[in-house]
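In each ligand, atom 1 is the first atom listed, and ligand 1 is the first ligand listed.
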Amino acid sequence: MTTIASNLQAVRIAMTEAATAAGRRTNEITLLAVSKTFPAEALREAYQAGMPRFAESYVQEALDKIAALRDLPVEWHYIGPIQSNKTRAIAENFAWVHSVDRLRIAERLSEQRPAHLPPLQVCLQVNISGEDSKSGVHPAEVHDLAVAVAKLPNLKLRGLMAIPAPGDDVAAQRTPFARLRELRDQLNKQGLHLDTLSMGMSHDFAAAIAEGATMVRIGTAIFGTRDYGEQNS
Ligand SMILES: *Cc1c(COP(=O)(O)O)cnc(C)c1O
């Protein structure tokens with residue numbers, strides 16, 4: 001087995017253990033392979049090992065890989081920061097976007113979504129631990145944004161995403177994930193229909209699964225350590 005294939009297997013086993021410990025079924029939780037900074041050949045290898053979903057954080061890098069892997073029925077997820085001048089490329093090339101945090105961006109994505117494609121599946125990124133102040137909507141503002149985004153014709157609002165501040169202690173890791181779940185539940189009581197909690201990365205996916213994650217976004221544990229080189233932005 002290749003390293004990527006055995007890493008994928010190890011992640012799936014760890015996901016199953018975390019789900020079982022939480023009294024959940026593994027098939028309630030979708031594994032997303034975060035492939036930013038890795039070359040198309042690494043994604044192809046992961047695809048051949050059974051991974052059909054990749055998440056990218058940089059638009060131009062993603063477009064190159066999407067072109068290189070045209071022959072595979074990959075489901076592409078965008079999880080990075082969204083600049084206004086990149087919304088068209090995102091609307092045209094991705095199935096999901098996890099990082100919507102303002103209405104103007106959502107409106108552009110809806111306007112620019114090609115008519116022949118299904119609605120773009122959207123999560124709102126929430127600034128849940130109040131640390132990374134540059135991205136994510138404030139929890140107090142999520143309701144109004146969700147109501148507005150849910151009305152846009154070519155988007156399908158699916159749920160919430162968060163990237164909590166990193167920490168090693170599993171008990172402490174659970175707190176922000178629990179907060180995101182509570183926020184989702186509260187929105188659903190207020191009439192929204194959110195089925196997705198996109199939360200959990202390589203170092204904290206067990207805690208996220210314990211708190212109800214339905215999608216975990218895992219890069220390092222599948223592909224290895226990233227070398228940003230001059231890519232970093
Ligand atoms: C890079 C990234 C991940 C994956 O992080 P790992 O620690 O490598 O698993 C998940 N989510 C987002 C938004 C990212 O940018």
Donor-acceptor check, side chain of Arg217 to backbone of Met201, threshold 3.5 angstrom: yes or no? no
Parallel under 30°, tilted from 30 to 60°, perpendicular over 60°: which one fits the rings of Phe94 and Trp76? perpendicular
Suppose I only count heavy atoms of Ile218 and a 4.0 Å limit; which atoms of ligand 1 are within that range? 9 (O)
Between Asp195 and Lys156, does at least one N-O distance fall below 4.0 Å, as a salt bridge requires? no
Against ligand 1, does Ala221 come closer than 4.0 Å with any heavy atom? no
Closest protein heavy atom to atom 8 (O) of ligand 1, given as residue, atom name and distance to 0.1 Å: Thr220 OG1, 2.5 Å
Among all protein heavy atoms, pick the one closest to atom 12 (C) of ligand 1 and tell me residue, atom and distance. Ile79 CD1, 3.5 Å
Among protein heavy atoms, which lies nearest atom 14 (C) of ligand 1, and at what distance? Lys36 NZ, 2.9 Å
Among protein heavy atoms, which sits nearest to atom 5 (O) of ligand 1, and what does the distance come to when rounded to 0.1 Å? Met201 CE, 3.4 Å
Just say parallel, tilted or perpendicular for the rings of His77 and Trp96, cut-offs at 30° and 60°. parallel
Tell me if a side-chain donor or acceptor on Lys36 pairs with a main-chain N or O of Gly80 at a distance below 3.5 Å. no
shortest atom 9 (O) of ligand 1-to-protein heavy-atom contact is with Ser202 OG, 2.5 Å
For ligand 1, which atoms, with element, lie under 4.0 Å from some heavy atom of Gly219? 4 (C), 6 (P), 8 (O), 9 (O)
Looking at ligand 1, would Arg226 count as a contact under a 4.0 Å heavy-atom criterion? yes
If you have a sec, work out which protein heavy atom is nearest atom 13 (C) of ligand 1 and how many Å separate them, to one decimal? Ile163 CD1, 3.5 Å
Starting from atom 11 (N) of ligand 1, what is the nearest protein heavy atom, named by residue and atom, and what distance separates them? Arg217 NE, 2.9 Å
Side chains of Thr214 and Glu28: donor-acceptor distance under 3.5 Å anywhere? no
For the pair Arg108 and Glu111, find out whether any cationic side-chain nitrogen is under 4.0 Å from an anionic carboxylate oxygen. no
Just checking, is any N or O donor in the side chain of Arg226 or Thr37 under 3.5 Å from an acceptor N or O on the other one? no
